[in-house]
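Let me begin by presenting the structure, written as structure tokens, before commenting on it.
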There are 2 protein chains.
Amino acid sequence: MEDQEIRKAGLKVTVPRVKILELLETSPERHVSAEDVYKMLLAAGEEIGLATVYRVLTQFEAAGLVEKHHFEDGYSVFELNKGKHHDHIICVTCGRVEEFVDETIEKRQRIIAEELGFQISEHELVIYGKCLDKNCDCKKRGD
Amino acid sequence: MEDQEIRKAGLKVTVPRVKILELLETSPERHVSAEDVYKMLLAAGEEIGLATVYRVLTQFEAAGLVEKHHFEDGYSVFELNKGKHHDHIICVTCGRVEEFVDETIEKRQRIIAEELGFQISEHELVIYGKCLDKNCDCKKRGD
DNA sequence: GAGTGAATGCAAAAGCTTCTCATCTATTGG
DNA sequence: CCAATAGATGAGAAGCTTTTGCATTCACTC
Ligand SMILES: [Mn+2]
Ligand SMILES: [Mn+2]
Ligand SMILES: [Zn+2]
Ligand SMILES: [Zn+2]
């Protein structure tokens, strides 16, 4: 199954690559750091080096299988590329990440780029805030 | 002049702080890294340690004098806080940074946050692309 | 199944940023 | 103007995330 995607990317089908792709497909949290992936694999009994995790994620990104984001925390997070673009809103208290798409915003960006004489290659929009979810730590701790 | 802003921030008026603030106010490029600041100060004959530059910029940010951004490059960039929020569009070829404000986008973000049950604290929108400026390296090199 | 180029793991190193600590300084009020 | 002191500085060490070098191992092809 994921073997084909890996092969299509011009990469050899190896245990680390298959396991990492599987993990990205099944992880309850879509947005994970390299360290997260490394630890989850360890916890699952897979002995895969952190350097390999970084290398594989980078290759997956180059192949378009994965997307990398820089939520302001000092490290990168990766997610499986679902094909459809979306932006993110993140709870600064509990870290919960929600995805959204807003065609109005997308369109305005195209207009702005045009007006300023830029040919857009990509963009990143991240909203930070506190989520009002009852399960969020915001509520439990009342801050 | 900037002495008052520094004092208002609850900080002592020292040479490094005054020089850094001056530099941010007069630099031709508004968006600079800590390293940039350090090097520009050195070039201007000011012997200010890099650690101090980082400390002061962090303090200025906490005081609201300065804003910090994470354009996807692995390092932070700082700019003087002009008081009015704006977003950025960056040329991936020449690095030129333009600022813009779009009230439609701002409003849509507020609506999205509301719908998803978030109370916005801030956001960051960065558009990446190639600028079509004749002076940009894009043109000079034709890529 | 052998041969070969690619992939892996480990440790070292590389960026960027923060911290430690001894020394120095701005501020205050006498 | 000076002394006292809380705060600031500089240099280097340390911290984190990410990348790299290299010897070893492995996947794919014939
Ligand atoms: Mn996502
Ligand atoms: Mn700006
Ligand atoms: Zn978008
Ligand atoms: Zn904005």
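For the numbers below, each heavy atom of this structure counts, side chains included, while hydrogens, waters and symmetry mates do not.
- Closest-nucleotide positions on DNA chain C for B:Tyr75 and A:Val56 were compared, and the one nearer the 5' end corresponds to A:Val56.
- Residue A:Asp73 contributes atom CG, which lies 14 Å from atom P of C:dT17 at whole-angstrom precision.
- With rounding to whole Å, B:Tyr38 atom OH is found 14 Å from C:dC16 atom P.
- When rounded to the nearest whole Å, the span between CD of B:Glu46 and C1' of D:dA8 equals 16 Å.
- Annotation: side chain of A:Glu106 is in contact with side chain of A:His123 (closest heavy-atom distance under 4.5 Å).
- For the pair A:Ile20 CD1 and C:dA7 P, the computed distance is 13 Å after rounding to whole Å.
- The environment of CD in B:Glu103 is crowded: more than 12 heavy-atom neighbours from other residues, nucleotides or ligands sit within 6.0 Å.
- Using a 4.5 Å cut-off on side-chain heavy atoms (C-beta onward), A:Val56 and A:Leu11 make no contact.
- Taking the nucleotide of DNA chain C with the nearest heavy atom to each of B:Val13 and B:Ser33, the more 5' of the two is matched to B:Ser33.
- Remark: B:Tyr54 is in phosphate contact with C:dT17, judged by side-chain N or O atoms under 4.0 Å from OP1 or OP2.
- Applying the 4.0 Å criterion to OP1 and OP2 of D:dA8, one finds that B:Thr52 has every side-chain N and O outside that range.
- In terms of phosphate contacts, B:Thr14 brings no side-chain nitrogen or oxygen within less than 4.0 Å of OP1 or OP2 of C:dA26.
- Contact between the side-chain N/O atoms of B:Thr58 and the OP1/OP2 oxygens of C:dT17 is not found at any separation under 4.0 Å.
- Under the 30°/60° scheme for interplanar angles, the aromatic rings of B:His88 and B:His86 are found to stand perpendicular.
- Considering only side-chain N and O atoms, A:Arg55 lies nowhere under 4.0 angstrom from the phosphate OP1 or OP2 of C:dA6.
- Straight-line distance from the CG atom of B:Leu50 to the C1' atom of C:dT20: 16 Å, rounded to whole Å.
- Between the CG atom of A:Asp36 and the P atom of D:dT17 there is a distance of 10 Å, given to the nearest Å.
- To the nearest 0.5 angstrom, A:Glu46 atom CD is 4.5 Å from A:Lys19 atom NZ.
- For A:Arg17, a side-chain nitrogen or oxygen approaches OP1 or OP2 of C:dT8 to under 4.0 Å.
- Summarising the geometry, the separation between CD on B:Glu47 and C1' on D:dG10 is reported as 11 Å, rounded to the nearest angstrom.
- For A:Leu57 and D:dT17, the CG to C1' distance is 13 Å, given to the nearest whole Å.
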